[in-house]
Amino acid sequence: MATLKIKKGDTVKVISGADKGKEGKVISINRKNHTLLVEDVHMQTKHTKPSMQNQQGGIVRQEGPIDISNVMYVHKGQPTRIGFKFDGDKKVRYAKSTGDIID
């Protein structure tokens, strides 16, 4: 399986779909389906029954999954592609537009 270039906590920009242009922080990644959840992007409504944790129940708004190919990493305010290179003996991600090391 290929290495995913986006990680939890990264800031990404949606490049296609109904929410095109929105930016947000990655909440979680589903490696099996190549999808991710981004804060306040692709909001969906879910009807919940009353339970011990949610006494009231009702309609809840939550983020829906987005395909990983529909987002780009944001580096210094600009969307950029990500590559991998070795810094000494450590493999690191870098922004292809500037060449800066991300982590």
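What you are looking at is a predicted structure, and each value in this text was computed from that prediction instead of being measured. Worth knowing before you read on, the calculation uses all heavy atoms, side chains too, and leaves out hydrogens, waters and symmetry mates. Numbers for residues simply follow the sequence, beginning at 1.
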- [ ] Kindly check if the number of other-residue, nucleotide or ligand heavy atoms within 6.0 Å of CD (Gln55) is above 12?
- [x] yes

Mind listing the side-chain donor-acceptor pairs of residues 5-18 below 3.5 Å, one per line with the distance, residues two or more places apart or on another chain?
residue : atom : partner : partner atom : Å
Lys5    : NZ   : Ile82   : O            : 3.4
Lys7    : NZ   : Asp103  : OD2          : 3.3
Asp10   : OD1  : Arg93   : NH2          : 3.4
Asp10   : OD2  : Lys7    : N            : 2.8
Asp10   : OD2  : Arg93   : NH1          : 2.9
Asp10   : OD2  : Arg93   : NH2          : 3.4
Ser16   : OG   : Asn70   : OD1          : 3.0

Task: Name of the residue among Leu4, Val41, Asn30, Ile68 meeting side-chain contact (heavy atoms from CB on, under 4.5 Å) with Leu36 - done: Ile68

Open item on the list: Asp67: which residues meet the salt bridge (charged side-chain N to carboxylate O under 4.0 Å, His left out) condition with it, sequence neighbours left out?
Closed with: none

Open item on the list: Side chains of Glu63 and Met43, heavy atoms from C-beta outward: is any pair under 4.5 Å?
Closed with: yes

Task: For Thr48, side-chain contact (heavy atoms from CB on, under 4.5 Å) partners two or more places apart - done: Lys46, Asn54, Val60

TODO: Run through the side-chain heavy atoms of Ile, Leu, Val, Met, Phe, Trp and Tyr, join any pair under 4.5 Å, and report what else lands in Ile27's cluster.
DONE: Leu37

Open item on the list: Surrounding NZ of Lys22 (heavy atoms of other residues, nucleotides or ligands, distance under 6.0 Å), is the total greater than 12?
Closed with: yes

Task: Note, Arg81 side chain near Met72 side chain (heavy atom, < 4.5 Å) - done: yes

Task: With sequence neighbours excluded, residues passing salt bridge (charged side-chain N to carboxylate O under 4.0 Å, His left out) with Lys76 - done: Asp100

Open item on the list: Using 0.5 Å steps for rounding, measure from the CD atom of Gln78 to the OH atom of Tyr73.
Closed with: 13.5 Å

Task: Closest heavy-atom pair and its distance - Ala95, His75 - done: CB-CD2, 3.7 Å

Open item on the list: Once side-chain hydrogen bond (donor to acceptor under 3.5 Å, both in side chains) is applied, do any residues pair with Ser97, and if so which ones, sequence neighbours excluded?
Closed with: Thr80

